[in-house]
Visitor: 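Here it is, the structure in full.
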Number of protein chains: 2
Amino acid sequence: MKYVEAKEELIQAWGNLGYSWGLNKTMAQIHALLMISPKPLSTEEIMLELSISRGNANMNIRALLDWGIISRILIPGERKEFFKSEKDIWALARQVAKERRKRELEPILKVLREVNDVQSDGSEDTKELKRVVKDLKNFAEKSDGLLETFIKSEESWFWNVLLKIMK
Amino acid sequence: MKYVEAKEELIQAWGNLGYSWGLNKTMAQIHALLMISPKPLSTEEIMLELSISRGNANMNIRALLDWGIISRILIPGERKEFFKSEKDIWALARQVAKERRKRELEPILKVLREVNDVQSDGSEDTKELKRVVKDLKNFAEKSDGLLETFIKSEESWFWNVLLKIMK
DNA sequence: GGAAACTTTCAAAAACTATTGAAAGTTTAG
DNA sequence: CTAAACTTTCAATAGTTTTTGAAAGTTTCC
């Protein structure tokens, strides 16, 4: 397989995966492009490589900065801003986990805690609801704890533990 | 908090979480409704409770069946079909993990394996690409293994192991 | 100051996804 | 066989998200 072909396939595939991680398509593609680029790229270069508009590039670059998975680079003697991606996939995964925890898990935990003290009127419906909420809450809290551990962990330590589990 | 209020909040919140797990909004809401219902519901009842159309109800029920997270129930003496959800959240999480592994992780692994044998022409770009692909592949394969273990594991065993990790 | 280089914004357009509901299809009971 | 009960389909519509690009804003340099 040729370089250009491989590059395109990879951007495509990473775009899809990023999408299922909660980024949007363009965000994920910009990230993929920066991942495989040996040097930082400017907005201009990103627009050109991915054939996207200036506005689109700008917005998604900002979103990536916001998620903390790419960073702004100032090159001496250049007026443009350049961007580079965190190349360590482990760090990236941790960052994504952190964002998603904040954006997704925390809101549902809040609701579960509220709903938890629904008035029990003794009916089947209420009983079932209470049971389900209890289970969900338990599950969500355990997941939250696990995520927290993951986010704070060291790569080698984590994989070693998992290796043991997977045996 | 009153029952009806709690029910609505929960359907809403579960709808959002389901969405971030890869279901769509209505799918997730139908699932939430079935989760908290003590008895199986018919399409009619689902339509009514969620104020959605027949077609929409039908399609999303089918999608849930497809994901394997709800099941069809035949009640003797009734001609309608009824549906109930898997109530064990652990089993549900495992099922979702299984589907997403199939839908998301497998395709990218395939691409990574293909892209892996790009011709190295000695340039910086090619070197960087190879490096990134190697890392991604390593990460994706480890994740795949972990997911596999999770999908096949027993609840109590899994949480016990994780509890130990999290200390 | 003012012009060039660059970044940000945002309303409009395009692309994509979800929903409706009526019609067609299927199954069951008598 | 036929009517009633129920399920499925799908073209049209509604709703949401993404993208565009031109204009406005900002920074830098002489």
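Note: hydrogens, waters and symmetry copies are ignored here, and every other heavy atom, side chains too, is used. Each chain gets a letter, A, B and so on, in the order the sequences are listed, and its residues count up from 1. Source: prediction; values computed, not measured.
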Visitor: Would you say A/Phe139 and B/Leu92 are hydrophobically clustered, going by side-chain heavy atoms of ILVMFWY under 4.5 Å?
Guide: yes
Visitor: Look at A/Asn58 and C/dT7 and indicate whether a side-chain polar atom (N or O) is within less than 4.0 Å of OP1 or OP2.
Guide: no
Visitor: Hey, any chance B/Met1 and B/Trp14 share a hydrophobic cluster, counting ILVMFWY side chains that come within less than 4.5 Å of each other, even indirectly?
Guide: yes
Visitor: Just the rounded figure in Å: distance from C1' of D/dT27 to CD of A/Glu78.
Guide: 15 Å
Visitor: From the options D/dT7, D/dT9, C/dT7, select the nucleotide whose nearest atom is closest to the side chain of A/Thr43.
Guide: C/dT7
Visitor: Pick base, sugar-phosphate or nothing for B/Glu81, based on heavy-atom distances below 4.0 Å to the nucleic acid.
Guide: sugar-phosphate
Visitor: Pair B/Gln29, B/Thr26 - check side chain to side chain donor-acceptor pair (under 3.5 Å), show working.
Guide: CA-CA 5 Å; B/Gln29 286 184 348; B/Thr26 308; 5.3 Å; no
Visitor: Within this structure, what is the CG-to-P distance between A/Leu64 and D/dT18, rounded to whole angstrom?
Guide: 13 Å
Visitor: Side-chain contact, heavy-atom cut-off 4.5 Å: A/Lys142 with A/Leu146?
Guide: no
Visitor: Is there side-chain contact between B/Arg101 and B/Glu148, with at least one heavy-atom pair below 4.5 Å?
Guide: yes
Visitor: Between A/Glu44 (CD) and D/dG21 (C1'), how many Å, whole number?
Guide: 13 Å
Visitor: Testing A/Arg79, A/Lys80, A/Arg54 one by one against A/Glu44 for a salt bridge (charged side-chain N to carboxylate O under 4.0 Å, His left out), which residue passes?
Guide: A/Arg54
Visitor: Just how far, in rounded Å, is P of D/dT8 from CG of B/Leu65?
Guide: 9 Å
Visitor: Rounded to the Å, how far apart are A/Lys80 NZ and C/dT8 C1'?
Guide: 17 Å
Visitor: Encode nucleotides 13-24 of chain C as B, S and - characters from 5' to 3', where the letter depends on protein heavy atoms closer than 4.0 Å: B to the base, S only to sugar-phosphate, - to neither.
Guide: -----SSBB---
Visitor: Is the distance between the ring centroids of B/Trp90 and B/Phe150 less than 6.0 Å?
Guide: yes
Visitor: Let me know, please, whether A/Arg79 or A/Arg72 comes out on the 5' side of the other along DNA chain C by nearest nucleotide.
Guide: A/Arg79
Visitor: Round to a whole Å and report the spacing from CZ of A/Arg62 to C1' of C/dT8.
Guide: 7 Å
Visitor: Report the distance from atom CD1 of A/Ile46 to atom P of D/dT19, rounded to the nearest whole Å.
Guide: 14 Å
